[in-house]
Undergrad: 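Got a structure for you, questions after.
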Amino acid sequence: MGRNLNDVIHSLPTERQEKIAALSQEKMQEMIAHAATLTDFRKAVGKTQAEVARELGIQQHAVSQLEKRTDTYVSTLRRFLQSLGMTLEMSVVAQNGVRIELQNFPRGEEVEADVHDSALAAPAKSPGRRKTGVARKRAGNT
């Protein structure tokens, strides 16, 4: 049976292991700094969708759907980032550059996760025409 990467690293001298760990942390920070999507953040911290799903108590496909969304609840984003070991902070930057922290959106560690939170449900869609799947005949058509 082959060795995995951790076995190889643990067999190296301590000094080399420390250098590898430092370079790994540096690369992770670089990836986080350049992350543009939730998928980028997840990959930067080295987690799979299945691992995040287990932490959130949902199925893997729900994590996949969350990562593809262009709009989500703040609570959903907060929980997702917490599963990656990150904290969501929200602030407004005024035209003059002054940063104002939003008080009604406290930091993640100040918020208890609500078991009944529908945070991972898709945001409500605007009401529109319902599709019934039933074709209606117009008067006069045969």
Undergrad: Of all heavy-atom pairs between M86 and V45, which one has the smallest distance, and what is that distance?
TA: CE-CG1, 3.8 Å
Undergrad: Rounded at 0.5 Å granularity, tell me how far OG in S75 sits from CD in Q82.
TA: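 Output value for this atom pair is 10.5 Å.
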Undergrad: Any idea which heavy atoms bring L66 and L38 closest together, and the distance?
TA: O-CD1, 4.0 Å
Undergrad: When Ile, Leu, Val, Met, Phe, Trp and Tyr are grouped by side-chain heavy atoms lying under 4.5 Å apart, directly or through other members, which residues fall in the same group as V8?
TA: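 For V8, no cluster forms, as it stays isolated from other hydrophobic side chains.
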Undergrad: What is the distance from atom CD of Q25 to atom CG of L23, rounded to the nearest 0.5 Å?
TA: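 Interatomic distance, Q25 CD to L23 CG, rounded to 0.5 Å: 10.5 Å.
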Undergrad: Could you check E51, Q49, R54 and say which one makes a side-chain contact (heavy atoms from CB on, under 4.5 Å) with Q60?
TA: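 Running side-chain contact (heavy atoms from CB on, under 4.5 Å) over E51, Q49, R54 with Q60 returns exactly one hit, Q49.
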Undergrad: Please list, chain by chain and in numerical order, all residues satisfying side chain to side chain contact (heavy atoms under 4.5 Å, CB included) with Q17, sequence neighbours excluded.
TA: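 For Q17 the side chain to side chain contact (heavy atoms under 4.5 Å, CB included) partners, ignoring immediate neighbours, are I9, H10, L12.
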Undergrad: Taking all atoms of both residues into account, what is the closest heavy-atom pair of D7 and N4, and its distance?
TA: N-OD1, 2.8 Å
Undergrad: Is the shortest heavy-atom distance from the side chain of R42 to the side chain of L84 under 4.5 Å?
TA: yes
Undergrad: Please check if the side chain of R99 supplies one atom and the backbone of S91 the other of a donor-acceptor pair under 3.5 Å.
TA: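 Such a contact is absent between R99 side chain and S91 backbone.
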Undergrad: Same cluster or not: are V98 and L102 linked, directly or through other Ile, Leu, Val, Met, Phe, Trp or Tyr residues, by side-chain heavy atoms under 4.5 angstrom apart?
TA: no
Undergrad: Using side chain to side chain donor-acceptor pair (under 3.5 Å) as the criterion, list what pairs up with K43, not counting sequence neighbours.
TA: none
Undergrad: I want to check something: taking the side chain as every heavy atom from C-beta on, are F80 and L88 in contact at a cut-off of under 4.5 Å?
TA: no
Undergrad: Side-chain contact test, heavy atoms from C-beta onward, threshold under 4.5 Å: evaluate it for K68 versus Q65 and give yes or no.
TA: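 No, every pair of side-chain atoms sits at 4.5 Å or beyond.
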